[in-house]
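First comes the structure, then the notes that go with it.
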Amino acid sequence: MRAKELFSPTLREVPAEAEVVSHQLLLRAGFIRRTAAGVYTYLPLAIRVLKKIEQIVREEMDHQGGQEIMMPIIQPAELWQESGRWDVYGPELFRLKDRHDRDFALGPTHEEVITTLVRGEVNSYKQMPLLLYQIQNKYRDERRPRFGLLRGREFIMKDLYSFDRDAAGLEVSYRKMHEAYTSIFKRCGLLFRPVEADSGAIGGSDTHEFMVLADSGEAIVLYCNNQACGYAANNEKATLPAEENISGETLKPLIRAATPGCRTVEEVAQFLRISPQTIIKTILYETEKEVVAALVRGDREINEIKLLNTLGCLRLELAGAKTVQQITGAAVGFAGPVGLKGCTIVADPEVLAMVNAVTGSNTDDTHCLNVNPTRDFEVNITKDIRMVQAGEPCPHCGSQLLEAKGIEVGQIFKLGDKYSKALGATYLDESGHSLPIIMGCYGIGVSRTMAAAIEQNHDNNGIIWPAAIAPFQVVVIPVSTKDEKQVALARELYQRLLEAGIETVIDDRPERAGVKFKDADLIGYPLRITIGSKAVSENRVELQPRRTGEVTLAPTQNLEKIVLEMLTAL
RNA sequence: CGGGGCAUAGCUCAGUUUGGUAGAGCGCACGGUUCGGGACCGUGAGGUCGCACGUUCAAGUCGUGUUGCCCCGACCA
C-alpha cells in the first residue's frame with residue numbers, strides 16, 4: 001500500500017471528545033471517526049485490524065468444531081416476547097417499528113433467534129453437539145456509551161452458541177471454548193487472564209470472563225499469588241475462605257456513646273480512637289420488595305452484586321434518606337443492627353466473628369459500643385456479601401491474592417436450559433424421552449479487543465501493535481522523496497517485501513522525514529525500515545521495531561528473510 | 001436515569017464577564033526557501049458562532065426552550 005493513497009487521516013492534536021488512550025489513538029492515527037455517540041465508522045486501517053482479529057477468531061472457532069452462520073440484526077419482537085426478555089431487557093434494547101407498526105429490535109445478542117432456529121431443526125440427540133457462531137454488529141443502547149470502542153452502542157461481536165444433550169456435553173463444549181479463547185487472545189499477542197465471574201442477567205451457572213490486563217481497565221481482577229493454584233476472579237465474584245478465628249476476648253456489656261456528627265466509619269473511628277475493623281458498617285438498601293440492612297466490617301466494602309444474588313432480587317439501590325429515617329428513626333450515618341426492625345438484616349460472616357464491636361444506635365449522634373452479634377442482635381441471612389481486597393487469602397489455597405485491572409474482552413456462559421425451556425427447544429434421547437437442549441453462549445468483543453490491544457500496547461508516541469493484529473507489518477520510509485536513488489531503492493524493497501507476502505506500506509508522501517516518522521509511530525507499524533542516503537551508498541537499511549526502537553542495520557540482499565525473522569520474534 | 005460540563009473555521013481553542021460589523025494556532029490551496037523526528041516566509045480559501053423563540057436600535061455575547069456531545073455514578077462484549 002502506498003501511504004499517498006492510504007485513507008488514514010492522522011491528527012496532530014488530541015480530539016477533545018476522547019478521554020482514554022485507545023480512543024485518542026484510534027482517532028489520531030486515523031482508524032476511526034465518530035458518527036454518533038457510541039457509534040463509529042471504521043476506516044481502512046481499523047478494518048485491517050478487525051479482519052485480522054476476526055480471522056484468528058474464525059480459525060479457533062472452526063478448530064473446535066464451530067460452524068459460522070449469519071443471523072439477522074433485525075429481530076421480530078415476538079421472539080423476545082416469547083423468551084420474556086422483551087419486557088425484561090429494558091431500554092438497552094434498541095426497538096423499532098416497521099411500516100405495518102410491527103415491533104422489532106436490533107439484536108443485542110442472539111439467544112432468541114438461534115434457539116428458535118435450533119428448535120425447528122434439531123430434534124434428536126444424534127444432531128448434537130452443535131456449535132454455531134457468527135461475527136457481526138451488535139446493538140445495545142447503553143446508558144452511557146464511552147471510552148470510544150471500549151463501550152459503544154454498536155460493536156462487533158463474535159457469538160457462539162453450543163447445543164448439547166446434557167450437562168456433561170455442555171462441560172465439553174465449555175472447555176473447548178475456554179481453550180479456544182485462550183488461544184485467540186494469546187495469538188492476538190495480548191496479556192490476559194481468564195477469571196471467574198458473575199453471570200448477571202444472562203443467567204446460568206458457570207461463567208468466566210477473559211480480561212486483557214491494562215491499567216485503564218474498569219474491572220478489578222483478583223488472582224492468587226501462588227501460580228500453581230491459578231485462582232483468578234472478577235472482584236465482583238471473588239470469594240473468601242470461611243472465617244475461623246474467633247477472638248478470645250470476653251464480651252463486655254453494651255453501652256451507648258455520644259458521637260456527635262460522626263456519620264462515616266472514618267469519622268467514628270477517629271472520634272472514638274478505634275480501628276475501623278472494630279466497627280460494624282450498616283448500609284440500608286431498597287429492593288423491589290423490601291428494605292435490607294447489609295452489615296460488613298468497617299474496613300470492608302459491600303459487594304452489591306453478591307448482595308443482589310443473595311437476596312434474589314432484580315433491583316438493588318441504596319436507600320434514600322427518607323427511608324433510612326423511617327426505618328432507623330435516625331439520620332443517615334447512625335444505622336445499626338441493634339433493635340433494628342422492619343427490614344431484612346444480611347451480615348457478612350466476618351461480622352458474626354466480631355466481638356465488642358461498634359455500631360450505629362439508630363439514634364442521631366450516638367453509637368453503641370461492645371455490640372456482640374447474636375447476643376445483641378439477630379441476623380436473618382449470613383452470607384459473603386463483601387468485596388474481597390488484594391492481600392486477603394485465596395479461597396482455594398490460602399495464599400495471598402493480588403490485584404490487577406482488566407478490560408473484559410470475552411465471556412463464556414453455561415446457560416443450561418434457560419432459553420431452551422422458555423422457547424421450547426427439545427430433543428429426543430435414545431429412549432424417546434423429550435428433554436430440553438442444554439445450551440452455552442460465548443462472546444468476544446472484536447472491536448473492543450482492538451481497543452484493548454491499544455490500551456495494553458502504546459507509548460507516548462502512539463500505538464504499538466502486536467504483529468499478529470497490526471494493520472500492516474512493515475512501513476518503508478524513504479527519508480527524502482526528492483532523492484531518486486532513495487525512492488528507487490525504497491520501491492524495490494517495497495516490491496520485494498510484498499512479493500514475500502509481507503504486508504507493507506511505503507511512505508511515498510512528499511513530506512519531511514519527521515512527519516513520516518511521527519505518523520509511523522502513531523499508527524504503530526511493528527517494523528519500520530528507513531532508507532536514507534547512507535542506505536543508498538552502503539546498501540544497508542535501518543530496521544527499527546516499534547516496540548523497542550532499537551535500530552539495526554541490515555544489508556538489502558536477503559532483506560525479506562531478515563524482516564520475516566524479525567517479525568516472528570515480535 | 002441522576003449529577004456536572006461543553007457547543008465559535010476540517011482540528012485544538014480564544015472572544016461571552018462589560019451586547020456594537022468574526023479571531024489565533026494547526027490543517028488545506030498556491031509560490032518560494034528548507035529537508036533524518038510534526039520546518040520557515042508570503043499569499044489565499046474556509047464560519048447563517050448547534051437549533052428555535054425572546055429581550056434590544058443592535059445578540060457569538062443576555063433570557064427561555066430544545067438538540068447534540070463529553071465527563072462522574074448504577075449495567076455490559
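Here is the naming used below: chain letters follow the sequence lines, and residue numbers restart at 1 for every chain. Please read these numbers as outputs of a predicted model, since none were measured by experiment.
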Specify the separation, in whole Å, of atom CG of A:Asp198 and atom P of B:C76. 8 Å

Rounding to an integer number of Å, can you tell me how far A:Ile135 CD1 sits from B:A77 P? 17 Å

For A:Glu511, report the nucleic acid contact type (base, sugar-phosphate, nothing); a contact means any heavy atom under 4.0 Å. nothing

Return yes if a side-chain donor-acceptor contact under 3.5 Å exists between A:Asn457 and A:Arg547, otherwise no. yes

When we call it a touch if two heavy atoms are under 4.0 Å apart, what does A:Glu154 touch: a base, just sugar-phosphate, or nothing? nothing

Would you measure the distance from the P atom in B:A45 across to the matching atom in B:C30 and give it in whole Å? 15 Å

Picking from B:C72, B:A77, B:C70, the nucleotide nearest the side-chain atoms of A:Phe147 would be B:C72

Whole angstrom is fine here: how far is it from CD in A:Glu111 over to P in B:C76? 13 Å

Once you round it to whole Å, what is the distance between P of B:A77 and CD of A:Glu92? 9 Å

Looking for any heavy atom pair under 4.0 Å, which part of the strands does A:Lys482 touch: base, sugar-phosphate only, or nothing? base

What does the list of N/O pairs under 3.5 Å between the protein and nucleotides 6-13 of chain B look like, with a distance for each?
unit_1	atom_1	unit_2	atom_2	d
B:U12	OP1	A:Ala16	N	2.8

Give me the distance, rounded to whole Å, that separates B:C72 from B:C26 when you measure between the C1' atoms they each carry. 31 Å

Tell me which of A:Arg153 and A:Leu149 sits closer to the 5' end of RNA chain B, going by the nucleotide each one is nearest to. A:Arg153

Nearest-Å distance, CD (A:Glu542) to P (B:G37)? 11 Å

Closest approach to the side chain of A:Asp519, judged atom by atom: which nucleotide of B:G37, B:C69, B:G38 is it? B:G38

Could you tell me whether a side-chain N or O of A:Arg546 sits under 3.5 Å from a main-chain N or O of A:Asp521, the two making a donor and an acceptor? yes

Check the distance between B:C76's P and A:Phe94's CZ and give it to me in whole angstrom. 17 Å

Contact nearer the 5' end of RNA chain B, comparing A:Val515 with A:Gly445: A:Val515

Once you round it to whole Å, what is the distance between P of B:C75 and CG of A:Leu93? 19 Å

Would you measure the distance from the C1' atom in B:G47 across to the matching atom in B:A22 and give it in whole Å? 8 Å

Side-chain donor/acceptor of A:Arg263 to backbone N/O of A:Gly333, under 3.5 Å: no

Separation of B:G73 atom P from A:Arg143 atom CZ, nearest Å, is 14 Å

With distance as the sole criterion, is a donor-acceptor pair present between the side chains of A:Gln55 and A:Glu59 under 3.5 Å? yes

Ring geometry between A:Phe94 and A:Tyr139 (parallel below 30°, tilted from 30 to 60°, perpendicular above 60°): perpendicular

Indicate, with a heavy-atom threshold strictly under 4.0 Å, whether A:Arg33 touches base, sugar-phosphate, or nothing. nothing

Have a look at A:Asp159 and say if it touches a base, only the backbone sugar-phosphate, or nothing, with a 4.0 Å heavy-atom cut-off. nothing

Can a donor-acceptor pair be found between the side chains of A:Ser173 and A:Arg175 at a distance below 3.5 Å? no

Which part of the nucleic acid, if any, lies within contact of A:Ser447, taking any heavy atom under 4.0 Å across all strands shown: a base, the sugar-phosphate backbone alone, or nothing? nothing

Please determine whether any donor N or O and acceptor N or O are separated by less than 3.5 Å between the side chain of A:Arg144 and the base of B:G3. no

Tell me yes or no: between the side chains of A:Arg85 and A:Tyr419, is some donor less than 3.5 Å from an acceptor? yes

Using a cut-off of strictly less than 4.0 Å, decide whether A:Arg512 has a side-chain nitrogen or oxygen near OP1 or OP2 of B:A39. yes

Under 3.5 Å: donor-acceptor pair, side chain of A:Lys281, backbone of A:Arg300: yes

B:C71, OP1 or OP2 - any side-chain N/O from A:Arg146 closer than 4.0 Å? no

Looking at B:G38 and A:Phe517: do their rings stack (centroid distance under 5.5 Å, interplanar angle under 30°)? no

Kindly say whether, by distance alone, the side chain of A:Asn461 makes a donor-acceptor pair under 3.5 Å with the base of B:G37? no

Expressed in whole Å, how much space separates the C1' atoms belonging to B:G60 and B:G23? 12 Å

Tell me, with the steps shown, if A:His208 and A:Tyr181 meet ring-ring contact (aromatic ring centres under 6.0 Å, His included). CA-CA 11 Å; A:His208 284 83; A:Tyr181 277 37; over 10 Å; no

For a quick check of understanding: with a heavy-atom distance under 4.0 Å over all strands, which category does A:Gly443 fall into, base, sugar-phosphate or nothing? nothing

